[in-house]
Structures are given as C-alpha cells and as structure tokens.
Amino acid sequence: MDFELTETQREYRDRARGIAEKELLPGYQARERSGRIDPELRREIGRLGLIAPELPTELGGRGLDRLTAGVVTEEIGRGDINVAYLQVVGSLVGQILAGNATPEIAQAWVPRICAGEEIVGIGLTEPQAGSDAGMPALTARRDGSGEDADWVLDGVKSLSFAGEAAAVVVFARTGPSQSRGKDISAFLVPLDAPGVSREPYSDMGTTAVGRGAAHLDGVRIPADHLLGAEGRGFTQVMQGFDFSRALIGLQCLGCAQQTVDETWRYVGERTAFDRPLSKNQGVAFPLAEAETLLSAARLLCLRTLWLKDVGRPHTADAAMSKWWAPKTAYDVINQCLLLHGQYGYRTELPIEQRLRDVLGLQIGDGTAQIMKLVIARQYLGRELAP
C-alpha cells in the first residue's frame, strides 16, 4: 500500500487549494446571500482542469484517475461545499454521457461541462419518489414509429442547479412494465426546450446550488437523446453513482476539515480562566476525536476511488462513504460550533452555514437507510437482506 500522492495528484490538489483559499473561502457567505455561483468562477475552475479531470482528453477532461478527482473535490469543499457540487455533478453526468450517449451528443456536451461553460444536472428524484428511484412517474413515449422517432416526456424531476443548468439527465418509464427498475430509460433533456418550466425550491441550506424542479409538459427531444439502451437506462446509468458517492463523502469532509482547522486556531487563541481554551481536555479532546474520524472517513472514500480506478468491486465501499462521511462531517461541524460558544451560533462566522449546507447531503444521492440497504445486499444478497 502506498498512501503518497503522485506528482500530478499533488499538482491538482494545489490548484484546487489555491482557488479555495483565495476565492472560495472569502466569498462563501456572499454566495449564499446571492443564491448562485458566478458563471465566471465556474469557468475559471474549469480552465484549471478541476471539473471532471478523470474524463478522456478528447472529451475535454484531463485523462486522470478518479483518485485525483476525489482529492480535488475535497479541496474545493474546504472553500465552499456548494461550489464542490460542480465537481460531483460534473463527474457524475460527464461519466454518464461519455459512456452512454452517442459520440455526437457526448462531444457536444461533455467538453462544455469540463470547461465550466455549462452545467448538466441529474434528475433522479421526483416529488413522490425520492429513495424509490426505480419507480419514476416521469414517462417518455415515441411520437411515431421507428428508431428515429422523437421522444415526448411528461413529468417532474428535482435537480441541483435547477436555475443554471442547460440540460438534465432524467430517468423515465418507457414501457408497460410497472415493476421497480424495469422499462426505465435515461435521456438528456435540454432545459430550453418548449414545454420545460422551472420551479425553485426554498431550502434551508446549499442555496447557492439553487435546487428546484424541472416540469416537463410534453417536452419533445430527438431520438439520439436516449442514453444507453431503451428500457435499461436505470441499470446502466445507476452504476455511475458508486463513483459520485465517494466524491460526496470527500466534499463533506473538506467542509468539516476546514471547520476543524479554524477551531484549533480559535481554541488556541481564546482565553478563559487565565489560560487558552485548548488547555482543557473538554476542548482539545473533541477536536482530537474529530481529526481521527475525519481521517478514517477520508481513507474510506479514497480507497473507494482507488478500487474504481483498478476495476475492482466498490459498491459497498461507496455506500459506506456516502452515509458515514456526511454524518461524520455534520457531527464534527456541530461540535466545532459548540466549541466556539456564542460566536459559533452567530451568523458572522460561517460555521452555522456549513452545518446547514452539509446536512442536505445526508439526504441527497441516497439516504443513510438506503446506503445501509445497499451494503446489506452486497454482503447477504437480495434474498436475505431487508
């Protein structure tokens, strides 16, 4: 086992760390107030090669490993967990398009994702179906006969970057089966198509991401916007979520690690009873525990990405990363808030915002209960699992 980063991985880590320290951290709270991520900032991050660097160079990526993408995501998450959604969504959707779209569609969209010029969202959740993603109400039907017939979509999908995304990948029922996960296909839907309307959500956190719904009312898309085989999109495309779950874990850990670093400094400088707060075990020991938990969670996420890179099974590891890292990050940030006393509770410091922002990722992309079900199935098989 070699835990040392390669020279290339260190280079990309340092790029991400540089922009996180210079631009993301200072503007973190302002982006929440504005409710958006400035497109020029997004393009700057893209120019640095920090969005989906693992994608092929011919599609605008850097041809690097997934481990590098994880290292970058954690560093961006240190500066602003909201901006790190660009890494998570860009890698997930970029991978889906690169592996399942026609060469023409992939070439038209993936380089723009990597460059930060456009955002393509992922629409899996529906108002009536969050965790039960295998039973979408969104429908897609061919308007005409033959493989060149257009598709017409009707339904609603929730997505991040609802106000900024140029397109969205959605899952829709395309056949008569009502069985879970059957007769479901994936599509790329441009969000400027006639029949699309957008509804913003009023969330308690991650407001800069701008979550919302895309309402598709008789939206017509060309036949070549089908991703993968008809009726098999759910099985084919969902495989990419193992990768993004590990990225989400690192996204949250970066946010928590930055908070711990700030808290170490605070308790070393703040005095009470004529000595630094850090001299008290009740202050220093919780931070020691936080460092331990974050280190363990980080290794789990990085190991998952390494398994992906070498082509080994990693579904259970990804599910572990997804439920444990966001929960750990939330618990650690909460402890840091308490160690700051009244200052932590005030909105002048970013700690309360980080607490709200990281909380949403205990829900998005799979709740802890769903992740534990995935893990149980990997160890027991579906027949014996809950």
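Please read all numbers here as calculations on a predicted model, not as lab measurements.
Interatomic distance, CD of E44 versus CD1 of I19, reported as 4.0 Å (0.5 Å rounding). One distance of note links CD1 of I96 with OG of S244; it measures 8.0 Å at 0.5 Å rounding.
Note on residues 201-214: pairs passing salt bridge (charged side-chain N to carboxylate O under 4.0 Å, His left out), not counting sequence neighbours, are D203-R211. Pairs passing the side-chain hydrogen bond (donor to acceptor under 3.5 Å, both in side chains) check and including a residue from residues 91-100, sequence neighbours excluded, read E54-S91. Among residues at least two apart or in separate chains, there is no side-chain hydrogen bond (donor to acceptor under 3.5 Å, both in side chains) pair with a member in residues 373-386.
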Which side-chain N or O atoms in residues 103-117 pair as donor and acceptor under 3.5 Å with protein atoms at least two apart or in another chain?
residue : atom : partner : partner atom : Å
R112    : NH1  : A108    : O            : 2.9
R112    : NH2  : E118    : OE2          : 3.4

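Remark: R66 engages D309 in a salt bridge (charged side-chain N to carboxylate O under 4.0 Å, His left out) (not counting sequence neighbours). By the side chain to side chain donor-acceptor pair (under 3.5 Å) test, R354 pairs with T259, E262, sequence neighbours left out. Applying the salt bridge (charged side-chain N to carboxylate O under 4.0 Å, His left out) test to D261 and every residue at least two apart in sequence or in another chain returns R78. Applying the side chain to side chain donor-acceptor pair (under 3.5 Å) rule to E199 yields the partners H215; only residues at least two apart in sequence or on another chain are considered. For the salt bridge (charged side-chain N to carboxylate O under 4.0 Å, His left out) test, no residue two or more places apart in sequence or in another chain qualifies with E269. Judged as a side chain to side chain donor-acceptor pair (under 3.5 Å), and not counting sequence neighbours, T207 has no contacts. Remark: R220 pairs with D143, D150 by the salt bridge (charged side-chain N to carboxylate O under 4.0 Å, His left out) rule, at least two apart or across chains. Applying the side chain to side chain donor-acceptor pair (under 3.5 Å) rule to Y201 yields the partners S158; only residues at least two apart in sequence or on another chain are considered.
Judged by distance alone, the side chain of R298 and the main-chain N or O of G254 form no donor-acceptor pair under 3.5 Å. No donor-acceptor pair closer than 3.5 Å links the side chain of E32 to the backbone N or O of N82. A donor-acceptor pair is defined here as one N or O able to donate and one able to accept, closer than 3.5 Å; such a pair exists between the side chain of K322 and the backbone of G364. Remark: side-chain polar atoms of Q87 are paired, donor with acceptor, to backbone N or O of L50 under 3.5 angstrom. Checking side-chain atoms of Q251 against main-chain N and O of I81 turns up a donor-acceptor pair under 3.5 Å. Although no hydrogens or angles enter the test, the distance criterion places no donor-acceptor pair under 3.5 Å between the side chain of D357 and the main chain of G205. Looking only at distances, no side-chain donor or acceptor of T271 sits under 3.5 Å from a matching main-chain atom of P276. Put simply, the side chain of N280 never gets that close to the backbone of G282: no donor and acceptor are under 3.5 Å apart.
Between W323 and V374, every side-chain heavy-atom pair lies at or beyond the 4.5 Å cut-off. Looking at heavy atoms from C-beta onward, E230 lies in side-chain contact with W151 at the 4.5 angstrom threshold.
Follow the hydrophobic side-chain contacts under 4.5 Å out from L48 and you reach L55 in the same cluster. Under the 4.5 Å side-chain contact rule for hydrophobic residues, V209 and L159 do not share a cluster.
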- Assess whether side chain to side chain donor-acceptor pair (under 3.5 Å) is satisfied between T315 and D242, documenting all intermediate values. CA-CA 6 Å; T315 295; D242 285 348; 2.8 Å; yes
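Between H340 and Y266, the ring planes are parallel. Angles under 30° get that label, and only those over 60° would be called perpendicular.
Of all non-hydrogen atoms in V89 and V120, the two that sit nearest each other are CG1-O, 3.3 Å.
Between the side chains of D65 and T68, at least one donor-acceptor pair of N or O atoms lies under 3.5 Å.
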